Amino acid sequence: MLSKRLEDALNEQINAELWSAYLYLSMSIDFEHKGRPGFANWFRVQFQEEQAHALALIDYLHARDARPVLKPIADVPDSWATAKDAFTATLEHERKVTALINSLYATAEEEKDFATRQKLNTFVAEQVEEEETVQQILDDLALVGDDGVGIFQLDRELGARTYVAPNL
């Protein structure tokens with residue numbers, strides 16, 4: 001059985017994951033509106049991943065005989081001036097999520113809840129991948145700068161991304 005403290009912390013993380021999903025859906029909509037379907041696709045896949053993270057935590061709470069509680073999702077921005085701005089915001093956000101996961105992991109350690117700590121190992125590893133991927137896109141954007149052909153090619157590359165359900 002989960003401690004109340006850990007149950008509350010996991011519910012907070014569910015809200016954070018759903019907020020992340022909402023943020024990435026907003027980014028996808030913005031890029032689709034601006035005629036960048038590849039960027040839109042990349043963010044739509046991110047949206048799906050964040051939903052999967054929230055569902056995995058909901059399922060975990062059920063498995064531990066705890067109650068998932070959904071809370072209102074705060075507003076998210078709805079436009080970004082450039083792709084670089086959107087991906088910079090994404091990297092900053094993913095770093096915040098990493099800090100949240102690390103804090104959740106520390107709480108599981110303090111509560112000596114080894115099952116939760118084990119469950120969170122996949123989230124810790126996922127965050128390393130998330131930050132690395134976004135940093136690579138930012139590096140690519142820096143490389144192409146304002147070159148329209150480079151942006152076009154990167155848009156096509158990001159458009160090839162497909163959703164693969166994470167193994168959480």
Side-chain angles (χ1 to χ4, degrees), residues 2 5-33 36-78 80 83 86-109 111 113-138 154-155 157-168:
L2 289 173
R5 179 178 173 219
L6 199 48
E7 181 178 345
D8 290 346
L10 287 164
N11 272 307
E12 288 297 324
Q13 189 61 39
I14 290 167
N15 184 265
E17 297 294 341
L18 292 172
W19 189 89
S20 296
Y22 203 60
L23 173 68
Y24 294 141
L25 182 58
S26 182
M27 289 176 165
S28 177
I29 290 167
D30 187 44
F31 279 107
E32 190 69 40
H33 180 73
R36 292 283 170 251
F39 288 101
N41 174 71
W42 192 91
F43 282 111
R44 186 176 288 249
V45 171
Q46 277 304 110
F47 161 73
Q48 292 173 295
E49 283 188 8
E50 300 304 334
Q51 287 183 306
H53 296 164
L55 290 172
L57 292 172
I58 289 168
D59 291 345
Y60 181 73
L61 283 173
H62 282 304
R64 298 293 305 276
D65 197 29
R67 179 157 175 76
V69 177
L70 298 180
K71 298 179 181 179
I73 298 172
D75 290 344
V76 297
D78 62 5
W80 293 261
F87 280 97
T88 298
T90 298
L91 183 57
E92 289 172 10
H93 177 67
E94 288 300 335
R95 287 177 175 159
K96 287 178 188 173
V97 172
T98 297
L100 292 172
I101 296 293
N102 289 344
S103 177
L104 193 52
Y105 193 94
T107 301
E109 289 258 317
E111 296 290 319
D113 188 324
F114 304 111
T116 300
R117 192 180 70 182
Q118 180 63 33
K119 179 67 174 178
L120 292 172
N121 282 336
T122 55
F123 285 85
V124 171
E126 175 88 7
Q127 281 311 118
V128 171
E129 179 185 323
E130 295 282 357
E131 288 185 33
E132 179 184 26
T133 299
V134 176
Q135 183 60 62
Q136 182 60 58
I137 293 169
L138 279 168
L154 188 54
D155 187 65
E157 180 182 320
L158 296 178
R161 182 181 189 203
T162 58
Y163 176 69
V164 177
N167 186 15
L168 303 170

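Not measured: the values here are computed from a predicted model.
For the side chain to side chain contact (heavy atoms under 4.5 Å, CB included) criterion with I58, the lone passing option out of N11, I14, L10 is I14. A side-chain hydrogen bond (donor to acceptor under 3.5 Å, both in side chains) with S20 is found for exactly one of Q46, H53, H93, namely H93. Shown are F87, F31, F47, Y163; of these, the ring pair (Phe, Tyr, Trp, His ring centres under 6.0 Å) with W42 is made only by F87.
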(Q) Go through it in stages, so that I can follow the logic: the residues are L57 and F123, the test is side chain to side chain contact (heavy atoms under 4.5 Å, CB included), and I'd like the CA-CA distance, side-chain angles, deciding distance and then a yes or no. (A) CA-CA 10 Å; L57 292 172; F123 285 85; 3.8 Å; yes
Q: Step by step, work out the side chain to side chain contact (heavy atoms under 4.5 Å, CB included) result for T90 and Y24.
A: CA-CA 8 Å; T90 298; Y24 294 141; 3.5 Å; yes
**Q.** CA sep, side-chain torsions, deciding dist, call: F114, Q118, side chain to side chain contact (heavy atoms under 4.5 Å, CB included)
**A.** CA-CA 6 Å; F114 304 111; Q118 180 63 33; over 6 Å; no
Q | Candidate pair L91 and R95, rule side chain to side chain contact (heavy atoms under 4.5 Å, CB included), full reasoning | A | CA-CA 6 Å; L91 183 57; R95 287 177 175 159; 3.5 Å; yes
Q.
Show, in sequence, the C-alpha distance, side-chain angles and deciding distance for Y60 and T116, and conclude whether the side chain to side chain donor-acceptor pair (under 3.5 Å) test is met.
A. CA-CA 9 Å; Y60 181 73; T116 300; 2.6 Å; yes
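Heavy atoms only, all atoms of each residue included: D30 and W80 are closest at OD2-N, 3.0 Å. Scanning both residues, A16 and L100, for their nearest heavy atoms gives CB-CD1, 3.8 Å. Between F43 and S28, the closest heavy-atom pair is CB-N, 3.7 Å. Pairing each heavy atom of W19 with each of A74, the nearest pair is NE1-O, 3.0 Å. Residues E32 and A40 come closest through the heavy atom pair OE1-CB, 3.4 Å. Shown here for A108 and L6, the closest heavy-atom pair between the two residues is N-CD1, 4.0 Å.
For E49 and R161, the salt-bridge test passes: some basic side-chain N is under 4.0 Å from an acidic carboxylate O. A salt bridge is absent between R67 and E7: the closest approach of a Lys/Arg side-chain nitrogen to an acidic carboxylate oxygen does not fall below 4.0 angstrom.
Looking only at atom types and distance, the side chain of D75 has no donor-acceptor partner in the side chain of Y22 under 3.5 Å away. Remark: the E17 side chain and the Q13 side chain contain an N/O donor-acceptor pair separated by less than 3.5 Å.
Annotation: the span from T88 atom OG1 to L138 atom CG amounts to 4.5 Å, rounded to 0.5 Å. Taken from CG in L2 to CG in D8, the straight-line distance is 10.0 Å, to the nearest 0.5 Å. Rounded to the nearest 0.5 Å, atoms CZ (R44) and CG (L25) are 6.5 Å apart. With values rounded to the nearest 0.5 angstrom, E94 atom CD is found 6.5 Å from T98 atom OG1. For the atom pair L55 CG and L18 CG, the distance stands at 7.5 Å (nearest 0.5 Å).
Within 6.0 Å of CG in N167 there are 12 or fewer heavy atoms belonging to other residues, nucleotides or ligands.
No donor-acceptor pair closer than 3.5 Å links the side chain of D78 to the backbone N or O of S26.
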